[in-house]
K.L.:
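Before I ask anything, let me first share the structure, which is written out below as structure tokens.
For the numbers below, each heavy atom of this structure counts, side chains included, while hydrogens, waters and symmetry mates do not.
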Amino acid sequence: MNKKLENGLLAIWVVSLVATLGSLYFSEIRQYTPCEMCWYQRILMYPIVILTTVAYIQKNARIALTTAVFACIGGSISLYHYGIQKLDFLQASAPACGLVPCTGQYINWLGFITIPFLALTAFVIIAAISFYMLRVLKEEK
């Protein structure tokens with residue numbers, strides 16, 4: 001595995017680890033109860049940390065396809081979740097999310113940075129690196 005792929009795996013691992021630790025900070029330390037959509041985003045983010053750890057040890061850059069799929073699905077959920085928080089016409093059709101409404105905003109830094117926005121940012125970075133790695137893998141063949 002070349003250095004570009006190794007660095008890509010490491011970058012995906014770092015981004016997913018920071019996102020995972022951030023979500024745990026908000027729920028376990030700040031005591032913010034995650035809504036249902038936040039749980040779906042976590043379900044897609046947490047495995048990326050484990051998968052890239054194993055892939056980095058095994059020097060297996062082909063995991064980029066899996067991380068790309070997880071990131072695209074997670075990013076789509078994050079984008080929708082962010083939309084129902086910030087766009088009035090989506091708030092009216094927001095699903096009922098149990099005890100915690102999905103339209104709630106525990107944080108709203110600078111007027112636009114919410115928890116789903118942070119997750120979306122991480123998923124976009126992971127997807128971009130994954131697609132870059134897939135292109136590098138294709139060029140190596």
K.L.:
Taking the side chain as every heavy atom from C-beta outward, state whether Trp39 and Ser27 have any pair of such atoms under 4.5 Å apart.
P.N.:
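Of all side-chain heavy-atom pairs linking Ser27 with Trp39, none is under 4.5 Å.
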K.L.:
With no hydrogens and no angle check, just 3.5 Å: does a side-chain donor-acceptor pair link Thr20 and Arg42?
P.N.:
no
K.L.:
Show the nearest heavy-atom pair for residues Ile129 and Ala11, with the distance to one decimal.
P.N.:
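Looking at all heavy atoms of both residues, the shortest contact is CD1-CB, 3.7 Å.
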K.L.:
Indicate yes or no: at least one non-hydrogen side-chain atom of Ser23 is less than 4.5 angstrom from one of Met45.
P.N.:
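No. Closest side-chain heavy atoms not under 4.5 Å.
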K.L.:
Taking everything shown except Ile29 itself, do over 12 heavy atoms lie less than 6.0 Å from its CD1?
P.N.:
yes
K.L.:
Could you grab the distance from atom SG of Cys72 to atom CD1 of Ile77, nearest 0.5 Å is fine?
P.N.:
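If I round to the nearest 0.5 Å, the distance is 11.5 Å.
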K.L.:
I would like to know whether Ile113 and Leu118 meet side chain to side chain contact (heavy atoms under 4.5 Å, CB included); could you show each step before the answer?
P.N.:
CA-CA 7 Å; Ile113 300 172; Leu118 294 171; 3.7 Å; yes
K.L.:
Can you check whether Leu5 reaches Glu140 side chain to side chain, under 4.5 Å on heavy atoms?
P.N.:
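Answer yes - side chains close enough.
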K.L.:
Under a 4.5 Å side-chain heavy-atom rule over Ile, Leu, Val, Met, Phe, Trp and Tyr, are Leu44 and Ile115 clustered together?
P.N.:
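In one cluster: no.
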K.L.:
Please check if any side-chain donor atom of Gln105 sits under 3.5 Å from a side-chain acceptor atom of Lys86, or the reverse.
P.N.:
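There is such a pair between these side chains.
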K.L.:
For the CD atom of Gln58 and the OG1 atom of Thr53, what is their distance to the nearest 0.5 Å?
P.N.:
11.0 Å
K.L.:
Work out which heavy atom in Val100 is nearest to a heavy atom in Cys35; give both atom names and the distance.
P.N.:
O-CB, 3.6 Å
K.L.:
Using the side-chain contact (heavy atoms from CB on, under 4.5 Å) definition, which of the options Ile57, Thr67, Ile63 pairs with Leu9?
P.N.:
Ile63
K.L.:
Find out if a path of hydrophobic residues (ILVMFWY) with successive side-chain heavy-atom gaps under 4.5 Å connects Tyr56 to Met133.
P.N.:
yes
K.L.:
Taking side chain as C-beta onward, heavy atoms only, is Leu137 less than 4.5 Å from Leu65?
P.N.:
no
K.L.:
Treat each ILVMFWY residue as a node, draw an edge where side-chain heavy atoms are under 4.5 Å apart, and state whether Val15 and Leu21 are in one component.
P.N.:
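Val15 clusters together with Leu21.
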K.L.:
Rounded to the nearest 0.5 Å, what separates atom CZ in Phe117 from atom CG in Asn108?
P.N.:
11.0 Å
K.L.:
I'd like to know if the side chain of Tyr80 reaches the main chain of Met37, judged simply by a donor and an acceptor atom lying under 3.5 Å from each other, with no hydrogens or angles considered.
P.N.:
no
K.L.:
For the backbone of Ser16 and the side chain of Tyr46, can you confirm whether one donor and one acceptor N or O come within less than 3.5 Å of each other?
P.N.:
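It does not hold such a pair.
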K.L.:
Output, in order, the C-alpha distance, side-chain angles, deciding distance and verdict of side chain to side chain contact (heavy atoms under 4.5 Å, CB included) for Tyr106 and Arg30.
P.N.:
CA-CA 10 Å; Tyr106 286 117; Arg30 298 291 299 266; over 6 Å; no
K.L.:
How close do Tyr82 and Phe112 get, heavy atom to heavy atom, and via which atoms?
P.N.:
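That would be OH-O, 2.7 Å.
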K.L.:
Restricting to pairs with a member in residues 101-141, which pass disulfide bond (SG atoms under 2.5 Å apart), not counting sequence neighbours?
P.N.:
Cys97-Cys102
K.L.:
If hydrophobic clusters are built by linking Ile, Leu, Val, Met, Phe, Trp and Tyr wherever their side-chain heavy atoms come under 4.5 Å apart, do Ile73 and Leu120 end up in the same one?
P.N.:
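Each belongs to a different hydrophobic cluster.
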K.L.:
Looking at Pro116 and Gln41, what are the two nearest heavy atoms and their distance?
P.N.:
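So the minimum-distance heavy-atom pair works out to CA-OE1, 4.0 Å.
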K.L.:
Drop me the distance from Arg62's CZ to Met1's CE, to the nearest 0.5 angstrom.
P.N.:
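Here the interatomic distance stands at 11.0 Å.
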K.L.:
Between Lys59 and Glu6, what is the shortest heavy-atom contact and its length?
P.N.:
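Between these two residues, the closest heavy atoms are NZ-OE2, 3.6 Å.
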K.L.:
Considering residues at least two apart in sequence or located in another chain, which fulfil the ring-ring contact (aromatic ring centres under 6.0 Å, His included) criterion with Phe26?
P.N.:
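ring-ring contact (aromatic ring centres under 6.0 Å, His included) check on Phe26 returns Tyr32.
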K.L.:
Might you point out which heavy atoms bring Gln91 and Thr103 nearest each other, and give the distance in Å?
P.N.:
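Closest heavy-atom pair between Gln91 and Thr103: CG-CG2, 4.3 Å.
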K.L.:
Between the side chains of Gln85 and Thr114, is a donor N or O closer than 3.5 angstrom to an acceptor N or O?
P.N.:
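Yes - a donor-acceptor pair under 3.5 Å links their side chains.
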K.L.:
Are Ile12 and Leu17 co-members of a hydrophobic cluster defined by side-chain heavy atoms under 4.5 Å apart?
P.N.:
yes
